[in-house]
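Worksheet for the structure shown next.
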Amino acid sequence: MPELPEVETTMRGIAPYVCGQKIKQIIVRERRLRWPVVKEIADIKGRMIESVSRRGKYILMRLDRGTLIWHLGMSGSMRILPSGTPPEKHEHIELQLGSGLALKFKDPRRFGALLYTDTDPLQHRLLSKLGPEPLSHDFNAEYLYTACKNKSAAIKSVIMDSRIVTGVGNIYACEALFGAGIRPTRKAGRISKKRLNFLVDSIRDTLRDAIEKGGTTLQDFTQVDGKPGYFGQSLQVYGVRGPCGVCGTTISKQVQGQRSSYFCPKCQT
DNA sequence: AAAACTACCTGAGTGC
DNA sequence: TGCACTCAGGTAGTTT
């Protein structure tokens, strides 16, 4: 479920509760996530959480020694609740904090991850090859044009490639392409710089708007306080079965690279 | 080298 | 009501 806006929402939600807190206890109820949670994770007990940040879809939790790297996968979410609140089903990890509150990580599909590193987390093998953040200045028309040049792959798969730009998943790729008037199947190398400029702006606007609304709740994503995100109401093509809000043409759905693409056949060319 | 496909999981929804 | 089936927001690794 979680793409960049949901990860950002989660990160902002937990930050005030975890920053400056001591980890009194870590409980791992299920270590079989995307990668097994190592037994040595127990060693972080007693350490201080100094800061929380995001890189792509990863949440980085810097400790007074070492860094925790979290990924929400497809179905992961985090909540802050009083320590001692009975664990829900699929609540695999719990960090009990000095404040008496606890960070709880729930992930039914177990595609998420919790990793630990002693060295620079940005150099971790999972993070070192990530492309620029879509909301940073490094992601611009010039950059995207170079990345798309001579590529025969569909533009949608290019903007979902984390080595090119990080954090754009299926929902926001569909929405951003609609905003830019570009068909998801169009070959990346055959789009003008001017149109790619529209796309860069559209990706930014879409992500910012979604962050502002607390992300998208489709199945079970919730914000840290348990409330849903409200961007779902703003989706213009993703999951839409019916007319385009701009021109009235019926929204098309097409499977592309094992994943559903939604687009307006009239507005997007 | 680039593009396409596979695998990892559970749960929700659909149709019979 | 229940069973069988399809599909889902991610992404590393493998195959074509």
Side-chain angles (χ1 to χ4, degrees), chain A residues 1-10 29-37 54-59 69-78 88-93 105-115 124-131 134 146-177 184-190 203 206-207 210-211 213-223 228-241 253-262:
Chain A
M1 108 216 343
E3 301 185 33
L4 187 148
E6 290 74 33
V7 178
E8 179 75 19
T9 298
T10 300
R29 300 191 178 86
E30 174 58 81
R31 54 179 73 253
R32 292 175 302 164
L33 301 185
R34 171 87 199 245
W35 295 282
V37 180
R54 178 186 61 72
R55 174 76 176 101
K57 295 173 189 166
Y58 294 90
I59 292 175
I69 303 175
W70 299 85
H71 196 290
L72 302 178
M74 292 268 260
S75 58
S77 60
M78 291 177 168
E88 290 183 26
K89 197 176 180 188
H90 303 302
E91 193 186 288
H92 307 314
I93 301 170
F105 174 76
K106 178 177 168 180
D107 182 12
R109 285 174 76 182
R110 291 195 274 122
F111 285 166
L114 172 59
L115 304 156
H124 190 278
R125 51 180 265 280
L126 294 173
L127 299 173
S128 63
K129 287 179 187 153
L130 294 178
T146 305
C148 287
K149 214 168 186 175
N150 304 324
K151 273 209 165 63
S152 64
I155 184 64
K156 183 175 171 228
S157 64
V158 171
I159 61 174
M160 286 178 68
D161 183 338
S162 64
R163 294 166 303 181
I164 291 171
V165 58
T166 179
V168 181
N170 199 37
I171 296 179
Y172 298 110
C174 289
E175 294 300 308
L177 285 163
T185 49
R186 178 164 285 278
K187 290 191 192 313
R190 301 198 51 198
I203 289 172
T206 305
L207 295 175
I211 291 168
K213 294 187 165 77
T216 303
T217 294
L218 284 189
Q219 278 169 33
D220 53 356
F221 173 77
T222 57
Q223 301 187 59
Y230 296 101
F231 191 72
Q233 299 159 17
S234 306
L235 296 174
Q236 299 187 86
V237 286
Y238 185 86
V240 170
R241 318 181 71 161
K253 175 181 172 180
Q254 185 181 333
V255 175
Q256 187 186 356
Q258 334 289 89
R259 199 135 268 179
S260 294
S261 288
Y262 294 85

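Order of the sequence lines sets the chain letters (A, B, ...), proteins ahead of strands, with each chain counted from 1.
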Rounding to an integer number of Å, can you tell me how far [X] [atom1] sits from [N] [atom2]?
X        : N      : atom1 : atom2 : answer
A/Leu33  : C/dG10 : CG    : P     : 18 Å
A/Lys156 : C/dG10 : NZ    : C1'   : 13 Å
A/Arg31  : B/dC9  : CZ    : P     : 16 Å
A/Arg163 : C/dG13 : CZ    : P     : 12 Å
A/Leu4   : C/dG9  : CG    : C1'   : 13 Å
A/His124 : C/dA12 : NE2   : C1'   : 13 Å
A/Asp107 : C/dA8  : CG    : C1'   : 13 Å
A/Lys106 : B/dT10 : NZ    : C1'   : 12 Å

Any [X] side-chain nitrogen or oxygen under 4.0 Å from OP1 or OP2 of [N]:
X        : N      : value
A/Ser75  : B/dC9  : no
A/Lys89  : B/dT10 : no
A/His90  : B/dC9  : no
A/Tyr238 : C/dG9  : yes
A/Lys151 : B/dA2  : no

Is [X] reaching over with its side chain to a backbone N or O of [Y], donor-acceptor style, under 3.5 angstrom?
X        : Y        : value
A/Arg110 : A/Arg32  : yes
A/Ser75  : A/Arg109 : yes
A/Glu175 : A/Tyr238 : yes
A/Thr10  : A/Glu6   : yes

What contact category does [X] fall into here, base, sugar-phosphate, or nothing, at under 4.0 angstrom with non-hydrogen atoms?
X        : answer
A/Arg110 : sugar-phosphate
A/Arg125 : sugar-phosphate
A/Ser157 : nothing
A/Arg32  : nothing

* To do: For A/Ser162 and for A/Gln258, find the nucleotide of DNA chain C with the closest heavy atom, then tell me which residue's nucleotide is more 5'.
  =>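 Final value for this comparison: A/Gln258.
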Among [options], which nucleotide has an atom closest to any side-chain atom of [X]?
X        : options               : value
A/Arg109 : C/dG9, B/dC9, C/dT11  : B/dC9
A/Arg259 : C/dA8, C/dG9, C/dA12  : C/dG9
A/Lys253 : B/dA3, C/dA8, C/dG10  : C/dA8
A/Lys57  : C/dT11, B/dG11, C/dG9 : C/dT11
A/Leu126 : C/dT11, B/dC9, C/dA12 : C/dA12

* Heavy-atom distance under 4.5 Å between the side chains of A/Val158 and A/Cys148, does that happen here? ->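 Yes, at least one pair of side-chain atoms sits under 4.5 Å.
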* Is there side-chain contact between A/Thr166 and A/Arg55, with heavy atoms separated by less than 4.5 Å? ->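 A side-chain contact exists here, since the closest heavy-atom pair is under 4.5 Å.
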* To do: Please state the P separation for the pair B/dC5 and C/dC7 - nearest whole angstrom.
  =>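 It comes out at 15 Å once rounded to the nearest Å.
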* In whole Å, what separates the P atom of B/dT6 from that of C/dT6? ->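 The answer is 15 Å between these two P atoms.
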* Nearest heavy-atom neighbours spanning A/Gly167 and A/Glu3 ->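 Heavy atoms only, the tightest pair is O-CB, 3.9 Å.
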* **Shortest non-hydrogen contact from A/Ser260 toward A/Lys253** =>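 Here A/Ser260 and A/Lys253 meet closest at OG-CE, 3.2 Å.
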* To do: Indicate, with yes or no, if the rings of A/Phe105 and A/Trp70 have centres closer together than 6.0 Å.
  =>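 Yes.
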* To do: Whenever both distances are under 3.5 Å in a Watson-Crick or G-U wobble pair, mark it; put DNA chain B into dot-bracket that way, with [ ] for crossing pairs and | when the partner is on another strand.
  => .|||||||.|||||||
